[in-house]
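Let me begin by presenting the structure, written as structure tokens, before commenting on it.
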Protein chains: 2
Amino acid sequence: MATIRSHPEHAAGPKTAEDPRDRILLAAGQEFAEHGYEAATVRDICLAAGVNVAAVNYYFGDKRRLYIESVKHAHEARVKQVPLPDWPPGTPAAARLHDFVANMLERMLGFSQPPWQVRLMMREVLHPTDACRELVEDYIRPHFAVLVAILDELAGRTLAESELRRIALSIIGQCFLYRAAGDVVGMLVPSDELATLHTPPQLADHVTRYALAALGLGRPLADSLTSRSVPGIAP
Amino acid sequence: MATIRSHPEHAAGPKTAEDPRDRILLAAGQEFAEHGYEAATVRDICLAAGVNVAAVNYYFGDKRRLYIESVKHAHEARVKQVPLPDWPPGTPAAARLHDFVANMLERMLGFSQPPWQVRLMMREVLHPTDACRELVEDYIRPHFAVLVAILDELAGRTLAESELRRIALSIIGQCFLYRAAGDVVGMLVPSDELATLHTPPQLADHVTRYALAALGLGRPLADSLTSRSVPGIAP
DNA sequence: CCCTGTTTCAAACGGGCGTTTCAATCAACT
DNA sequence: AGTTGATTGAAACGCCCGTTTGAAACAGGG
């Protein structure tokens, strides 16, 4: 038995000590996020995970089920990573709106965490598959409800639920654009401006200010004083 | 041979509907829009176009060049199909803003034209390839400049260019969400509400009203509370 | 030790892909 | 008609895909 035990790397892999199943899930999430379901190959996934090609079939059955599992895995990790703020009672609705927007932008654009998880979920949002409905129910709808509640309070409970939803979607859309079409935004905006005015904190201020002004609760974006700068969120 | 019949050189009358090159471009645009570059197959494209598989190589060289040509083709067709309104001098800026938003929504969501052209361009925006930069320069940037000019006039030329760009992106983001994440929006909003309040005309009204209110030029969306202060945000 | 069930491995299978081949066909002109 | 060059067609090529195989390596209890 002169078979060469060419187990790829015992030390060079990301985390060789973990279960092969977890390593496959990690590598699959990254590959699917980067290239999409069709273009990602199980061979590349297994190479990155340091396992044999047969392992994906052994642990997950086939490529489709591996994909669904990796989406759910990334989703659950993300929920634990960036939870919504836990506002103490009495926190003003306007402050909660700003926190909510900042949280959403940080989750979508923040560099503090590996980007592939959000990229993977974005793919589901943009081109839904079987994993999408679960994602919406567990992850997106609760967040949406929180935003609607904040807006309801901000508007003094004078607006219809349908109108609140439209305003909520307007706010989400502004954040969504930067995540989904960030490359095009980068082409439309000078690069120096991009680095200074289109960062998550700056955008959170802008989106919040825009919403409050539209609701008649803040200073309008355009009046005689705004040409310089409207003070953002005071520390 | 690597010779490509890139364009029919003979000056004879173009048989528009029967030219194999055009039939391939049409079918390719639909297939690429539906399934994406990787998942679309040359065989399906040729089947739909009613030509032999060798034709795509004969006319375009390879799949990649066919893709780029089909994106440009769809783009040019779209520009001719839905041009920007030609406002007579003196048209109020607010009216032009509403027209602009309605035009953009109609172009993105309208049912009056085959949807695959916009779907194809959306793919480029969401996951740029070689064809993207050309698309931005020829198609998106001029529209963006028109929107910025409208906003500049609306704000009485008091806002910095950078601020105008941010507001413009806010407006575009709201429209973009419905196009790119329409499926998720459909899950978050009751279906009856979707059919009545989230149509292109209704959305155009909403987005315009939202922007005008934020600029302090229209009635706030929640106008019963305009006198209330906003603790925690504005000084 | 052997037996038993689980996990890993190299190799291969069948199929679909983009691409190429080359002979057949067509259109136009001499 | 014959010639020529541009198109079309059926078939095949080589490659890589997801998946399967069957045996080797491992682990634990008798």
Side-chain angles (χ1 to χ4, degrees), chain A residues 1-13 15-29 31-32 34-71 129-130, chain B residues 1-29 31-32 34-70 129-130:
Chain A
M1 47 153 66
T3 60
I4 300 164
R5 301 288 310 282
S6 64
H7 197 92
E9 280 87 13
H10 275 293
K15 303 233 171 169
T16 328
E18 295 181 20
D19 270 341
R21 208 187 125 94
D22 287 343
R23 278 183 305 167
I24 296 173
L25 274 178
L26 185 69
E31 288 291 319
F32 284 136
E34 184 65 22
H35 305 106
Y37 177 78
E38 304 286 348
T41 74
V42 307
R43 277 177 172 83
D44 286 345
I45 290 169
C46 292
L47 184 70
V51 299
N52 191 269
V53 278
V56 50
N57 236 260
Y58 180 76
Y59 284 104
F60 298 95
D62 57 10
K63 184 187 181 183
R64 180 125 228 128
R65 270 173 284 183
L66 168 61
Y67 174 74
I68 293 176
E69 286 301 311
S70 70
V71 170
T129 71
D130 299 336
Chain B
M1 296 296 184
T3 60
I4 302 166
R5 303 297 171 271
S6 57
H7 289 292
E9 304 290 353
H10 48 70
K15 322 182 200 180
T16 52
E18 296 177 1
D19 191 356
R21 209 187 122 95
D22 287 344
R23 289 207 315 263
I24 296 173
L25 274 178
L26 185 70
E31 288 292 319
F32 285 136
E34 184 67 22
H35 304 107
Y37 177 77
E38 305 285 349
T41 74
V42 173
R43 279 178 171 82
D44 286 346
I45 290 170
C46 291
L47 184 71
V51 301
N52 191 268
V53 278
V56 52
N57 234 260
Y58 181 75
Y59 285 104
F60 299 95
D62 57 11
K63 184 186 181 184
R64 181 123 227 129
R65 271 173 284 184
L66 167 61
Y67 173 74
I68 293 176
E69 285 302 311
S70 70
T129 71
D130 299 335

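Residue numbering restarts at 1 for every chain, and letters A, B, ... go by the order of the sequence lines.
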Touch class at under 4.0 angstrom, heavy-atom based, for [X] against every strand present:
X: A/V56; result: nothing
X: A/A39; result: nothing
X: B/A54; result: base
X: A/F60; result: nothing

* Under 4.0 Å: is that the gap between some side-chain N or O of B/N52 and OP1 or OP2 of D/dT7? -> no
* **Contact under 4.0 Å: A/Y59 side-chain N or O vs C/dT8 OP1/OP2** =>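 Checking A/Y59 against C/dT8: at least one side-chain N or O falls below 4.0 Å of OP1 or OP2.
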Whole-Å gap separating [atom2] ([N]) and [atom1] ([X]):
X: B/H35; N: C/dC17; atom1: NE2; atom2: C1'; result: 15 Å
X: A/Y67; N: D/dT19; atom1: OH; atom2: P; result: 15 Å
X: B/R21; N: D/dA6; atom1: CZ; atom2: C1'; result: 15 Å
X: A/Y58; N: D/dT21; atom1: OH; atom2: P; result: 15 Å
X: A/F32; N: D/dC17; atom1: CZ; atom2: C1'; result: 13 Å
X: B/E38; N: C/dG16; atom1: CD; atom2: P; result: 18 Å
X: A/R23; N: C/dT7; atom1: CZ; atom2: C1'; result: 12 Å
X: A/K63; N: C/dG16; atom1: NZ; atom2: C1'; result: 13 Å

* Under 3.5 Å: donor-acceptor pair, side chain of A/D44, backbone of A/L47 ->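 Pair absent, no side-chain N/O of A/D44 close to backbone of A/L47.
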* Quickly, which of A/L66, A/D19, A/I45 forms a side-chain contact (heavy atoms from CB on, under 4.5 Å) with A/L25? Name it, please. =>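 Exactly one pass, corresponding to A/L66.
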* Tell me which of A/D44 and A/G61 sits closer to the 5' end of DNA chain D, going by the nucleotide each one is nearest to. =>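 Here A/D44 is the residue nearer the 5' end.
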* **Check: B/R43 side chain, C/dG16 base, donor-acceptor under 3.5 Å** =>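 Counting by modelled atom types and ignoring angles, no donor-acceptor contact under 3.5 Å is found here.
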* Does some side-chain heavy atom of A/F32 sit less than 4.5 Å from a side-chain heavy atom of A/K63? ->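 Yes, side chains in contact.
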* To do: Please report the shortest heavy-atom distance between A/C46 and A/V53, naming the atom on each side.
  =>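 In terms of heavy atoms, the two residues are closest at SG-CA, 3.6 Å.
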* To do: Please work out which of the three classes, parallel, tilted or perpendicular, describes the rings of A/Y37 and A/Y67, given edges at 30° and 60°.
  => perpendicular
